[in-house]
Amino acid sequence: MAVHQAVRTPVFTGPAGWAAILPPAATRAPLAGRAGCDVAIVGGGFAGLSAARRLLQIDPAMRVVLLDAKRISEGGAGRNSGFMIDLPHDLTSADYAGSHPSQDLTRLNRAAIDFAAEAVRDYAIPSGYLQRSGKINGAASDAGMAANASYARHLSDLGEPHELLDARTMHKVTGSRYYRGGLFTPGTAMLQPAGYVQGLAAGLERAGVTIHENSPVLEFASNAQGWALRTPEGGLQAQRVILGNNGHLESFGFKAGRLMHIMLNACMTEELPPEAVAALGGRECWGVTPADPMGTTVRRIGPAQGGHRIVIRQGGAYRPDMQASAGDLARATRHMRQKFDARFPMLAGLRFEHRWSGHLCLSKNGVSVMRELEPGLYAACVQNGLGTARGTLTGIGAAELACGQQSAITRFFTAEAEPARLPPHPFDTIGANAYLRWKEWQSRLE
Ligand SMILES: Cc1cc2nc3c(=O)[nH]c(=O)nc-3n(C[C@H](O)[C@H](O)[C@H](O)COP(=O)(O)OP(=O)(O)OC[C@H]3O[C@@H](n4cnc5c(N)ncnc54)[C@H](O)[C@@H]3O)c2cc1C
């Protein structure tokens, strides 16, 4: 009998801003007493919910129970920047292309975006929560312009559509005179990530999935019938289990010493009053990722996403315990204020209404963990910072494996190598944080 106990469950710093600007969602009861199902899913983010949707597509009669440690959209799903990116997006390279830009992964990312768009249609999720509007890589320095030019060359080699934008066009789009140029690519979908995930959860419930919130899985153990899961107030017997808990895979003892846990930070402004909207100008909705992956991401959203607001993301710290301290967040907020003021001097004094940290789980060699870990136990984890698309894919893949099916998605991920080994503690932390600080300094204008 295999027993896996959680050494930690998620602890979040700051509210999930994307959820905080939506009308409050009805709470779901924690798991209580004993229950049974065909497939239990641990984690209700992009991966877990996509797995549930795929399971029902394969077998609408399947009994699926999903357990989340917190509220739906309180985790990574409500804390990211909402870019569902189709193209190569290697966060460890200087220009996103990486050494092996993968057309296979681009095709799969597009399949993930289609899967999400179909869910929006099937579950009547508001269309403002997923917009196929593309994104811009903004450049503000010589190095940024060079990175965009290099990335544009990769895109030309791949035959991918893109458009280089000049400073005037960047100003027309964003209202900011900060950017010297941009690289527009049309395939990214922009999410209101909490709205999308909440809509997905509600649609799945209507289709028969049972969801329990505030139900951290503390232990699961194999037995003759499959797996027995334990939460603080209940127990669930399942034939099969899908882990959709991203970096918390390691909390159950899997891939120890191989997963990097980065806590990233973001801030969201209060709603822009009409005079601020007029002073800013530009388009109502846009998304700018930095030309250098270590720079600052900025988004403007409108009433269809939760009000006229600006969302900014910058600064990460390597934290093997998967928690950001209040001090980490306060420091990052000060940096984000400087970045915001440099871009939007016309909005001086506008308040950050929400600020938060969230968890990225990366592997050194950029691979995910999507495979059968033990008989009847499947992982849809380690999204390498791109969990909106990659989490959707790993969730779909894990559901297919759990049903004995194969597809381009299962073939891609099961062919990936193991996550590479990291240096031991505390050398990993010291080395990674020094590296992050250095890269952030290098990309300080971006
Ligand atoms: C500031 C920031 C900006 C980002 N921007 C982007 C972006 O623009 N685009 C992009 O693609 N990605 C982005 N990311 C990364 C993205 O948020 C993650 O990759 C994504 O959320 C991972 O999805 P997931 O479903 O695998 O995991 P999560 O969304 O983290 O969901 C996992 C769920 O598992 C639950 N869980 C964990 N342990 C347990 C347990 N023991 N029992 C029960 N439930 C458990 C958690 O509560 C959580 O809800 C960003 C992240 C941050 C922090």
Side-chain angles (χ1 to χ4, degrees), residues 4-14 16-18 30-31 40-51 66-86 89 91 109 112-113 135 188-191 193-194 197 200-201 212-220 229-232 242-252 261-268 287 289 297 299 311-316 322 324 329 332 336 355-362 368-370 379-395 398:
H4 300 282
Q5 282 176 337
V7 294
R8 62 174 68 81
T9 58
V11 176
F12 299 124
T13 308
W18 290 99
L31 178 71
I41 299 176
V42 180
F46 294 95
L49 291 165
S50 301
L66 185 149
L67 305 170
D68 198 284
K70 304 280 185 178
R71 304 285 318 274
I72 294 293
S73 78
E74 196 183 341
R79 291 170 187 272
N80 64 78
S81 301
F83 291 72
M84 194 169 196
I85 297 173
D86 58 336
H89 196 82
L91 295 177
N109 286 338
I113 294 172
K135 74 167 178 85
T188 291
M190 300 301 293
L191 301 176
V197 158
L200 198 49
H212 295 287
E213 295 181 321
N214 297 312
S215 303
V217 174
L218 303 176
E219 181 188 284
F220 51 88
L229 295 86
R230 184 170 62 78
T231 65
I242 294 176
L243 298 175
N245 53 350
N246 202 17
H248 281 280
L249 179 68
E250 187 175 339
S251 304
F252 286 102
H261 304 286
I262 311 274
M263 305 311 289
L264 270 195
N265 309 287
C267 291
M268 182 184 273
T289 43
T297 298
R299 250 188 98 173
V311 189
I312 185 162
R313 181 212 56 75
Q314 206 267 331
M322 308 180 201
L329 181 55
M336 284 187 273
R355 61 209 84 172
W356 65 88
S357 295
H359 181 181
L360 291 192
C361 177
L362 318 179
S368 297
V369 180
M370 199 298 289
C381 298
V382 189
Q383 319 299 4
N384 287 286
L386 299 167
T388 59
R390 189 89 60 104
T392 302
L393 289 174
T394 56

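Please read all numbers here as calculations on a predicted model, not as lab measurements. For this chain, numbers begin at 1 and follow the sequence in order. In each ligand, atom 1 is the first atom listed, and ligand 1 is the first ligand listed.
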Discussion item. So, using side chain to side chain contact (heavy atoms under 4.5 Å, CB included) as the criterion, who are the partners of Met263 when residues are at least two apart?
Written reply: Arg319, Ala324, His359

Worksheet, complete the sentence: In this structure, CZ of Phe46 is separated from OG1 of Thr394 (nearest 0.5 Å) by 11.5 Å

Worksheet entry | Donor-acceptor pair, side chain of Asp68 and main chain of Gly44, under 3.5 angstrom | yes

Practice prompt. Could I get the full list of salt bridge (Lys or Arg N to Asp or Glu O under 4.0 Å) partners for Arg230, not counting sequence neighbours?
Written response: Glu219

Fill in: Atom pair SG (Cys381) and CG (Leu243), whose distance is rounded to the nearest 0.5 Å
5.5 Å

Worksheet item: By salt bridge (Lys or Arg N to Asp or Glu O under 4.0 Å), which residues pair with Arg71, not counting sequence neighbours?
Response: Glu213

Under 3.5 Å, N/O to N/O: give me all the pairs between ligand 1 and the protein, one per line with atom names and distance.
residue: ligand 1; atom: 5 (N); partner: Ser81; partner atom: N; Å: 2.9
residue: ligand 1; atom: 8 (O); partner: Gly82; partner atom: N; Å: 3.3
residue: ligand 1; atom: 8 (O); partner: Phe83; partner atom: N; Å: 3.0
residue: ligand 1; atom: 9 (N); partner: Phe83; partner atom: O; Å: 2.8
residue: ligand 1; atom: 11 (O); partner: Phe83; partner atom: O; Å: 3.4
residue: ligand 1; atom: 11 (O); partner: Gly387; partner atom: N; Å: 3.3
residue: ligand 1; atom: 11 (O); partner: Thr388; partner atom: N; Å: 3.1
residue: ligand 1; atom: 11 (O); partner: Thr388; partner atom: OG1; Å: 2.7
residue: ligand 1; atom: 12 (N); partner: Gly385; partner atom: O; Å: 3.1
residue: ligand 1; atom: 17 (O); partner: Gly76; partner atom: O; Å: 3.4
residue: ligand 1; atom: 19 (O); partner: Gly387; partner atom: N; Å: 2.9
residue: ligand 1; atom: 25 (O); partner: Phe46; partner atom: N; Å: 2.9
residue: ligand 1; atom: 25 (O); partner: Ala47; partner atom: N; Å: 2.9
residue: ligand 1; atom: 26 (O); partner: Gln383; partner atom: NE2; Å: 2.9
residue: ligand 1; atom: 29 (O); partner: Ala77; partner atom: N; Å: 3.4
residue: ligand 1; atom: 41 (N); partner: Val217; partner atom: O; Å: 3.1
residue: ligand 1; atom: 42 (N); partner: Val217; partner atom: N; Å: 2.9
residue: ligand 1; atom: 44 (N); partner: Ala69; partner atom: N; Å: 3.0
residue: ligand 1; atom: 47 (O); partner: Asp68; partner atom: OD1; Å: 2.8
residue: ligand 1; atom: 49 (O); partner: Asp68; partner atom: OD1; Å: 3.3
residue: ligand 1; atom: 49 (O); partner: Asp68; partner atom: OD2; Å: 2.6

